[in-house]
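Following this message is one structure expressed as structure tokens.
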Protein chains: 2
Amino acid sequence: MDRRQAKTRKAVFQAFAELLEEKGYPDITVQDIIDRADIGRSTFYSHFEAKEDLLNVLCESIFEHAFSKHPGKEDTHDFSEKEGLKAELTHALYHLGEHRGYVKSILSSESGDVFMRYFKNHLREVFGRDSGPVPDGIPRDYAVEHSVCWFAETVRWWMDNEEYSPEEVTGLFWRYKVGEAESRRAHPGNGMKNGMP
Amino acid sequence: MDRRQAKTRKAVFQAFAELLEEKGYPDITVQDIIDRADIGRSTFYSHFEAKEDLLNVLCESIFEHAFSKHPGKEDTHDFSEKEGLKAELTHALYHLGEHRGYVKSILSSESGDVFMRYFKNHLREVFGRDSGPVPDGIPRDYAVEHSVCWFAETVRWWMDNEEYSPEEVTGLFWRYKVGEAESRRAHPGNGMKNGMP
DNA sequence: TAAATAATGAACACCATGTTCAGTAACTAA
DNA sequence: TTAGTTACTGAACATGGTGTTCATTATTTA
């Protein structure tokens, strides 16, 4: 990629992230972005179709990283499949936590919808692979949707509760995961890796 | 209230509902609304601050009705508290089902955020009153948030799955309600009033 | 019937959007 | 080093929705 293009893109994302920490997404104008990034108006439009496009690209890149296959992830088979799933979720939380500054802002307006949509799409892939227990007679995809939505909502909650670590949040979520509530009775002690405070 | 005002408001809401069935909320302009409602531009702005205001008022009125105290609701004490709660939820679903046409549309864009916020606010009041079982050591308000979010998401799902009745949806939701999963084991048969297909 | 209240609609200023284009700067490959 | 390509610039412009103003007309109320 041309060095000039990369420079421009980087400047735009940097400006966008900064602006998100200062005001809500709907209040940010294209003018704000190009002023902050110090680029020409036409340059912005040669890179992005519009402000919404920029948001989409940002969200996609966040989750691409958060759910990236990192070395050794697939090899977590000294643990059970369940532990591998929990590790994957915790890994994602670490990434999201790094961007708390502007993620909080994105979540607190219309743009939250966009963010959550991307988030849930990735989570559906993750939980779709999970072959853990599902209560008697309940469709698996309905159970998956429950895990997806509730994990996403848990993260939304976490963004305003910085005192919890990623491990703690995954542990708390896990206790609400459908199927786990019942199996926990049969195998006590399996529910959480780290106790909640 | 002045008959003229009432007439204008009604025309605006009617036009808004119709337009929502035709296109997404972001694509609807104030011009669309006043053309359809056949009122003057300044008239619209004397009733509503902006398009967003109209959406807020519409959402509030929907849930005011859906969660209204209707006669005999408080007297459901021939059933348990649990049955009263389920009846309240089912009642709300009947109301929401009546407006499926435009509710579906509201939910499928930015405006869904607004709708869900109002919905969850009302649900927090409802589930906050619920004193049912909560798993060992989990904060009650966290459990409440789970019921709130998952019921709201279930409705979102229901909007695209017309084949289920309100009773069936409440029953399905109930099986995922935290606390219920465990108590169901102790008291089998209490989980659902109507079996799912 | 008079006073108060509401609706009208054209006209207006405003502002963000997205496009165009001629000119300049930076890369690339021969 | 040079020629050719690609990217950035920034001013200018057309567009379109927004929200306000105000003199006029219609309706309600007392």
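Nothing here was measured: the structure is a model prediction, and the numbers come from that model. Proteins get letters first, then strands, A, B, ... in listed order; numbering begins at 1 in each.
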### Which residue lies more 5' along DNA chain C, comparing Tyr45(A) with Ser42(B) via nearest heavy atoms
Ser42(B)
### Message
Once hydrogens and angles are ignored, does a donor-acceptor distance under 3.5 Å link the base of dT27(D) to the side chain of Arg4(B)?
### Response
yes
### Message
Under 4.0 Å from OP1 or OP2 of dA7(D): is there any side-chain N or O of Gln5(A) that close?
### Response
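Checking Gln5(A) against dA7(D): at least one side-chain N or O falls below 4.0 Å of OP1 or OP2.
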### Query
Whole Å only: how far is the CG atom of Asp35(B) from the P atom of dA10(C)?
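Answer to the nearest Å: 11 Å.
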#### Entry: Nucleotide dA26(C), atom C1' - distance to NZ of Lys7(A) in whole Å
10 Å
### Message
At less than 4.0 Å, is any side-chain N or O atom of His47(B) found next to OP1 or OP2 of dA6(C)? Yes or no.
### Response
no
#### Entry: Proximity to the side chain of Thr43(B) - top-ranked nucleotide from dA7(C), dA6(C), dC8(D)
dA7(C)
### Message
Could you tell me how far apart Ile34(B) (CD1) and dG17(D) (P) are, to the nearest whole angstrom?
### Response
11 Å
### Query
Nearest nucleotide by nearest heavy atom, which residue falls closer to the 5' end of DNA chain D, Ala50(B) or Asp2(B)?
Ala50(B)
### Task
Check each of Ile28(B), Ile106(B), Leu58(B), Leu20(B) against Ser111(B) using the side chain to side chain contact (heavy atoms under 4.5 Å, CB included) test, and report the only one that passes.
Ile106(B)
### Atom pair distance, as rounded to whole Å: CZ in Arg3(B) and P in dA6(C)
14 Å
### Message
Between the side chains of Lys7(A) and Asp2(A), is the shortest nitrogen-to-carboxylate-oxygen separation below 4.0 Å, so that they form an ion pair?
### Response
no
### Glu153(B)/Lys120(A) under salt bridge (charged side-chain N to carboxylate O under 4.0 Å, His left out): CA gap, chis, key distance, verdict
CA-CA 12 Å; Glu153(B) 289 294 342; Lys120(A) 287 179 180 177; 3.1 Å; yes
### Task
Measure from NZ or CZ of Lys51(A) to the centre of the six-membered ring of Tyr25(A), then state whether that distance is under 6.0 Å and the direction lies within 45° of the axis.
yes
### Query
Is the shortest side-chain N/O distance from Thr29(A) to OP1 or OP2 of dA16(C) below 4.0 Å?
no
